[in-house]
Amino acid sequence: MTNGELDSFWNFLQEKFKKEFAVVSFQTWIESAKPLKLENNNIYIAVPSSLHKEYWERNISTKVVEAAYEYSNQEIVPIVLLNSDVEKKMTQPTSDNQNKVQPAESPLQKAHLNSKYTFDSFVTGTGNQMAHAAALVVSEEPGTMYNPLFIYGGVGLGKTHLMQAIGHRLLDRNPQANVKYISSESFANDFINSIQNRTQEEFRNEYRTVDLLLVDDIQFFADKEGTQEEFFHTFNTLYNTKKQIVLTSDRLPNEIPKLQERLVSRFKWGLSVDITAPDLETRTAILRKKAIAENLEIPDDALSYIASQIDSNVRELEGALVRVQAYSTMKNSDITVSLAAEALKDLKDAKHQVGLSIDKIQTVVAKYFKISVGDLKGKRRTKTIVVPRQIAMYLARELTDSSLPKIGQEFGGKDHTTVLHSCEKIAKLLESDLNIQHDVTNLRGTLKQ
Ligand SMILES: Nc1ncnc2c1ncn2[C@@H]1O[C@H](COP(=O)(O)OP(=O)(O)OP(=O)(O)O)[C@@H](O)[C@H]1O
């Protein structure tokens, strides 16, 4: 597809969605969006608010990929932008477009920090007070008091947010500081690439000269011998030059399987703090802050109701808020407790589907991916089997009440931490990977029939 065909593709899309969406939804989400351009198999789409952006990314993007395929047999992936960002870009003075020098990366881009994850937007309460206090100290006196700072706890409880807040604070105080945020998986990939491309010297320079190194989800170092070896040397260099290291994990260092003893002991040199699930008051405060940031008008009793429904994961809590907001737009009515209850009903129903067994999930997933149930339960680690296995575990967690050990047992006697890792992995991929979103949506649909 070329840019010349953009308009007719957009018309095609509109006609298609008109049939699929209710009138109010169509007017709210689709009509307000504008196609900007096609480039490198991406279609750039501008939307009016961050709520629209979230809604598009969760619910519409996959449909656009499907429609594009139907229209042109091509894989076109949408990139959703905010109108305000697009306008800002357009009003920025441009001198000579032809010979334009690429603007230097901002310190935030260079550090790979999410602009939303600051101390200001972080709500403290029982469960995260100690971690918050430690993070503040580290951001003010990096490399001295608690090195490394090790933040651990369950999924979606704010570890990444807090770790990045340290990076923001350091850059606020010293914009020249060399801050680097990276997930442990990207660190491992960078390292492997550096071996393949013979660029180990650059790799080392990049990681061993930072002022603050933030490594997220360090539990994924388990089993990666070479990466652990490399990280050991990175750690030593930074530590010896009094540079700050902050690590997160879903568990304590000594509970991470196959983590070298010398790393375990180093990770314990500083301070380990945990984050536990927030209580109702904190959850309500988090929702209130998010609602204010998004300019949403939601009465306090509705906020408390939403907070009372999701008790263990702040990421899911934020998702519930978006869901309620989308539902109120669709119904064209204000948010009240009863509207919130209606909006979240499906979510609860999904968790308690009568008769849905792990067995059934395995059968459906195996059929969908054209592999056997034995493959799902087995130990083979090829990608074509590992991803379906992780998706099946994720769905078993989402759609049944089975505990992690029970799910592990049903998948050929796997450890509960393997199940946890799989669920987290898929939850993360669902945020960005359109193929996975597509597969999981299809499978949920089939399982609900
Ligand atoms: N105390 C809090 N105040 C405000 N927002 C929060 C808080 N805790 C979590 N969040 C929000 O919840 C979402 C999930 O948080 P985050 O990604 O930091 O979790 P995590 O513990 O790193 O999860 P994972 O284990 O999946 O890596 C983010 O959008 C974050 O901003």
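Atoms within a ligand are numbered from 1 in the order they appear, just like the ligands themselves.
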Expected output: side-chain K414 to main-chain K377 donor-acceptor under 3.5 Å: yes
Salt bridge present between R262 and E229 (N-O < 4.0 angstrom): yes
SB check D217 K159 (cutoff 4.0 Å): no
Under-4.0 Å heavy-atom contact with ligand 1, by part of D216 that carries it: neither
E297, CD atom: more than 12 neighbouring heavy atoms under 6.0 Å: no
Starting from [atom], what is the nearest protein heavy atom, named by residue and atom, and what distance separates them?
{"atom": "atom 23 (O) of ligand 1", "result": "G156 N, 2.9 Å"}
{"atom": "atom 1 (N) of ligand 1", "result": "V123 O, 2.8 Å"}
{"atom": "atom 21 (O) of ligand 1", "result": "K159 NZ, 2.8 Å"}
{"atom": "atom 19 (O) of ligand 1", "result": "G158 N, 3.1 Å"}
{"atom": "atom 17 (O) of ligand 1", "result": "R315 NH2, 3.0 Å"}
{"atom": "atom 12 (O) of ligand 1", "result": "V314 CG1, 3.3 Å"}
{"atom": "atom 22 (O) of ligand 1", "result": "T160 OG1, 2.5 Å"}
{"atom": "atom 18 (O) of ligand 1", "result": "H161 N, 2.8 Å"}

Audit row: E225, K258, salt bridge (Lys or Arg N to Asp or Glu O under 4.0 Å) steps and yes/no: CA-CA 9 Å; E225 273 291 318; K258 300 197 183 141; over 6 Å; no
Minimum non-hydrogen distance to atom 2 (C) of ligand 1, winning option of Y117, F122, F119: F122
Polar contact flag for E318 and ligand 1 (N/O pairs, less than 3.5 Å): yes
Residue-ligand contact D250/ligand 1, heavy atom below 4.0 Å: no
Contact check, K428 vs ligand 1, heavy-atom distance below 4.0 Å: yes
Near [X], which atoms of ligand 1 are under 4.0 Å from a heavy atom of that residue?
{"X": "S121", "value": "3 (N), 4 (C)"}
{"X": "V155", "value": "25 (O), 26 (O)"}
{"X": "N128", "value": "1 (N)"}

Would you check if there is a donor-acceptor pair between the side chains of [Y] and [X] at a distance under 3.5 Å?
{"X": "H112", "Y": "Q164", "value": "no"}
{"X": "D216", "Y": "T160", "value": "yes"}
{"X": "T417", "Y": "D415", "value": "yes"}

Ring centres under 6.0 angstrom apart (Y239, W269): yes
F191, F221, F203, Y207 screened by ring-ring contact (aromatic ring centres under 6.0 Å, His included) with F231, the one that passes: F221
